[in-house]
K.L.:
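One structure follows; several queries about it will come next.
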Amino acid sequence: MDNAVDHRCWRDWFSGTRMNLEVNVIDGLVAVDGKAVWRAGAPDAQSAEGRPVRCLDLSAKLVIDARDGRAPAAAVLFDEEDFPESILTTQMVKRFARKTGVEPEMIALSRAVARFTWGEVVFHVDPKQGDLSIEVRER
């Protein structure tokens with residue numbers, strides 16, 4: 001996988017096909033079908049909204065937020081809803097831990113974080129609506 005951000009993949013952004021999304025926790029990289037779309041420390045991130053993806057074997061939408069005045073971040077908004085006793089019991093957290101070997105730390109019943117040298121991966125569940133999300137961001 002190339003570590004440079006590849007903006008050519010945006011041309012297919014609204015094709016409707018669900019592509020595989022990977023979070024490389026070693027390098028701080030988010031890739032869609034092997035092409036980097038966000039990287040910690042990359043100054044050239046471009047905003048994008050609503051790309052259908054599969055992440056951790058769950059259907060979701062990818063949003064890249066690169067607005068001025070804010071450090072760029074990648075958010076994964078899952079289609080599935082869950083009303084867990086704890087964020088640590090959700091499928092997204094369990095699958096992330098199994099795939100990466102990194103156990104996120106619970107910071108509230110609805111939030112957990114996995115910290116890395118390049119930034120962090122934050123897991124969130126809305127306790128009222130059951131919405132699940134992951135945010136990949138620099139520190």
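Because the structure is a prediction, the values reported are computed rather than measured. Values below: every heavy atom of this structure, side chains too, minus hydrogens, waters and symmetry copies.
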K.L.:
Would you kindly confirm whether Ile107 and Leu109 end up in one hydrophobic cluster when ILVMFWY residues are joined by side chain heavy atoms under 4.5 Å apart?
P.N.:
no
K.L.:
Find the distance between CG (Leu77) and CD (Glu80) and round it off to the nearest 0.5 Å.
P.N.:
14.0 Å
K.L.:
I'd like a table of donor-acceptor pairs (distance under 3.5 Å, sequence neighbours excluded) in which one partner is a side-chain atom from residues 52-62, with atom names and distances.
P.N.:
from, atom 1, to, atom 2, distance (Å)
Arg54, NH2, Asp57, O, 2.5
Ser59, OG, Asp79, OD2, 2.9

K.L.:
Between Trp38 (side chain only) and Leu29 (backbone N and O only), is there a donor and an acceptor less than 3.5 Å apart?
P.N.:
no
K.L.:
Let me confirm one number: the CD-CD distance from Glu135 to Glu120, rounded to the nearest 0.5 Å.
P.N.:
8.0 Å
K.L.:
Give the table of side-chain donor-acceptor pairs shorter than 3.5 Å for residues 121-134, with sequence neighbours excluded, one pair per line with atom names and distance.
P.N.:
from, atom 1, to, atom 2, distance (Å)
Asp126, OD1, Lys128, N, 2.8
Asp126, OD1, Gln129, N, 3.0

K.L.:
Is the side chain of Asn20 donor-acceptor paired with the backbone N or O of Asp33 at a distance under 3.5 Å, no angle test?
P.N.:
no
K.L.:
Would you give the length of the straight line joining atom CZ of Phe96 to atom OG1 of Thr90, rounded to the nearest 0.5 angstrom?
P.N.:
11.5 Å
K.L.:
Looking only at heavy atoms, what is the nearest atom pair of Gly50 and Val63, with distance?
P.N.:
N-CG2, 3.9 Å
K.L.:
Check which hydrophobic residues are tied to Phe83 through side-chain heavy-atom contacts below 4.5 Å, counting indirect links as well, and list them.
P.N.:
none
K.L.:
Measure across Met92 and Phe78 and return the closest heavy-atom pair with its distance rounded to 0.1 Å.
P.N.:
SD-CE1, 3.6 Å
K.L.:
So which heavy atom on Ser86 is nearest to which on Met106, and how close?
P.N.:
OG-SD, 3.3 Å
K.L.:
Ignoring hydrogens, what is the shortest heavy-atom contact between Ile87 and Ser110? Give both atom names and the distance.
P.N.:
CD1-O, 3.7 Å
K.L.:
So which atom in Gln91 and which in Asp82 form the shortest heavy-atom distance, rounded to 0.1 Å?
P.N.:
N-OD2, 4.5 Å
K.L.:
Testing the basics here: between Trp118 and Ile26, what is the closest heavy-atom pair and its distance to 0.1 Å?
P.N.:
CD1-O, 3.7 Å
K.L.:
Going by the side-chain contact (heavy atoms from CB on, under 4.5 Å) test, name the single residue among Ile64, Val30, Val76 that passes it with Val136.
P.N.:
Val30
K.L.:
Supply the atom-to-atom distance Thr100 OG1 to Phe116 CZ, rounded to the nearest 0.5 angstrom.
P.N.:
6.0 Å
K.L.:
Mind checking the CE-NZ spacing from Met19 to Lys35? Nearest 0.5 Å is all I need.
P.N.:
6.5 Å
